[in-house]
Amino acid sequence: MIQNTASDSTLYGDGKLMLSVDTSTVSMTTALTRGQEILGEITSKAERNHSLYLVPNLQRLMAECGVRPDELSAFAVGVGPGSYTGVRIGVTVAKTFAWTQKLALLGVSTLEALALGGAGSASEFGSLQDGETVRGGALQGMDSLLDAARATGETTWVVPLIDARRGQAFTALYAVSPEGWKCQVPDGIRLTASWTDELLSLGAEAKTGPGRVVFTGELELHQEAIRSFASRWGGPVTEAPHELRARHVAELGLMRWKRGETEDVHGLVPNYTQLAEAEAKLLAKKS
């Protein structure tokens, strides 16, 4: 449940300390920020043992940045979709931390964070070593995307993918244009082949189609569908493999915080998503 409060940025976000996490994918990623400044970020595979390493990573991150828990003001968390167990771990830790420390709680779409990061240039973030603490930088991914869109006047479609096995993916459609950033098709779990067909139909129906389509995230098992789409699309299609980074959860969380859109600590629930009925029946026939 979202609680709308006054959006005075001096109270909500600016200069305030915030933890951000996402455990919805194979990557376990955490970040500590002060306003738009990135104090530190740790991303590791952890072999899906997120339940063992998440809290120690948060403690390590705060210790390395010289921050005490009682200095924090907010906690942003990726609520999924993704791994059922992973999503539950991240949300549970965030709710517990927010409750015990009396922090503002901010729920962020994992797919939106993946789309935001994947749409940007990989060179923006530099090399990433598993488990390394990355220090410094700023939450400017959205500003960079919007500046580029306004400079070219073009719209880009961003399609994030998190593999969900058996030809399925957790996915959505986001668009960045001179007018801003918008979710075009909500998060869900879809058969990739039929999803790319749907994207073709959406492009044909649009009055002004995108100048470019970017597929990002976990692409390896979905390249056949992506390349089939590219052969029929007729415009630029980019494959941008990308691992989720907590800095993008933090950036989206900060945007929500400044708008005063916080979550009820007891009411926040993970977004597990369900396969659409028609696709579930089709998948059952193939099994």
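Model, not experiment: these values are computed from the prediction.
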Reported OG1-to-CD1 distance for the pair T196 and I226, which is rounded to 0.5 angstrom: 8.5 Å
Close side-chain approach of H266 and K95, heavy atoms under 4.5 Å: no
CA sep, side-chain torsions, deciding dist, call: R60, E64, salt bridge (Lys or Arg N to Asp or Glu O under 4.0 Å): CA-CA 6 Å; R60 169 189 157 191; E64 290 181 356; 3.1 Å; yes
ILVMFWY network linking L221 to I189, side-chain heavy atoms under 4.5 angstrom: no
Backbone of S27 reached by a side-chain donor or acceptor of T25 within 3.5 Å: yes
Closest approach of V79 to V91 (non-hydrogen atoms, all atoms of both residues): CA-CG2, 4.0 Å
Full working for salt bridge (Lys or Arg N to Asp or Glu O under 4.0 Å) between R256 and E263: CA-CA 10 Å; R256 292 175 67 84; E263 306 282 351; 3.5 Å; yes
Verdict with reasoning, N271 to T273, per side-chain hydrogen bond (donor to acceptor under 3.5 Å, both in side chains): CA-CA 6 Å; N271 177 15; T273 78; 5.1 Å; no
Closest non-hydrogen atom pair between A169 and L161, with its separation: CB-CD2, 3.8 Å
Nearest-0.5 Å distance, CZ of residue F170 to CD of residue E218: 10.0 Å
K258 side chain near E261 side chain, heavy-atom distance below 4.5 Å: no
Side-chain donor/acceptor of T23 to backbone N/O of G86, under 3.5 Å: yes
Beyond-backbone contact of R135 with C65, side-chain heavy atoms, under 4.5 angstrom: yes
Residues that E154 engages under side chain to side chain contact (heavy atoms under 4.5 Å, CB included), provided they are two or more places apart: T152
Nearest heavy-atom neighbours spanning V77 and A94: CB-CB, 3.6 Å
Q101 CD to L19 CG distance, which is reported to the nearest 0.5 Å: 9.5 Å
Where P81 and S24 come nearest, the two heavy atoms and their spacing: O-CB, 4.0 Å
CG on L58 to OG1 on T30, rounded to 0.5 Å: 5.5 Å
Full working for side-chain contact (heavy atoms from CB on, under 4.5 Å) between L72 and M62: CA-CA 10 Å; L72 297 169; M62 286 189 289; 3.8 Å; yes
Check against side-chain contact (heavy atoms from CB on, under 4.5 Å), T238 and V213: CA-CA 6 Å; T238 300; V213 178; over 6 Å; no
Short side-chain to backbone donor-acceptor contact, E251 and M142, under 3.5 Å: yes
Closest non-hydrogen atom pair between A119 and V158, with its separation: CB-CG2, 3.8 Å
Within-4.5 Å side-chain heavy-atom neighbours: H242 and H248: yes
L199 and F215: CA distance, side-chain angles, deciding distance, side-chain contact (heavy atoms from CB on, under 4.5 Å) verdict: CA-CA 12 Å; L199 291 173; F215 288 88; 4.0 Å; yes
Any side-chain heavy-atom pair of S44 and N57 under 4.5 Å: yes
Whether W157 and W233 hold their rings parallel, tilted or perpendicular, with breakpoints at 30° and 60°: tilted
Euclidean distance, K16 NZ relative to E71 CD, rounded to 0.5 Å: 12.0 Å
Short side-chain to backbone donor-acceptor contact, E205 and L202, under 3.5 Å: no
Expected output: side-chain T192 to main-chain G167 donor-acceptor under 3.5 Å: yes
Test item: side-chain donor near acceptor, W195 and T171, under 3.5 Å: yes
Test item: E41 and R245 side chains (from C-beta on) under 4.5 Å apart, heavy atoms: yes
From CA spacing to verdict: side-chain contact (heavy atoms from CB on, under 4.5 Å), R227, E239: CA-CA 9 Å; R227 290 170 186 175; E239 294 183 34; 2.9 Å; yes
Y272-I89 co-clustered via ILVMFWY side chain contacts under 4.5 Å: yes
Sidechain-backbone polar pair: T155 side chain, P210 backbone, donor-acceptor under 3.5 Å: no
Shared hydrophobic cluster for V67 and F75 (ILVMFWY, side-chain gaps under 4.5 Å): yes
Student check: side-chain heavy atoms of T110 and L244 closer than 4.5 Å: yes
Any donor-acceptor N/O pair, T43 side chain to T29 backbone, under 3.5 Å: no
Criterion side-chain contact (heavy atoms from CB on, under 4.5 Å) against L39, the qualifying member of T33, L61, L17: L17
Derivation of the salt bridge (Lys or Arg N to Asp or Glu O under 4.0 Å) call for R190 and D197: CA-CA 11 Å; R190 300 174 174 95; D197 288 341; over 6 Å; no
Single-linkage hydrophobic cluster, 4.5 Å side-chain cutoff, L200 and V214 together: no
Spacing of T262 atom OG1 and L103 atom CG [to the nearest 0.5 Å]: 11.5 Å
E224 CD: over 12 foreign heavy atoms closer than 6.0 Å: no
Residue pair M18 / L106, side-chain heavy-atom distance below 4.5 Å: yes
Aromatic centroids of Y174 and W181 separated by under 6.0 Å: yes
Closest contact, heavy atoms only, V249 versus S20: CG1-CB, 4.2 Å
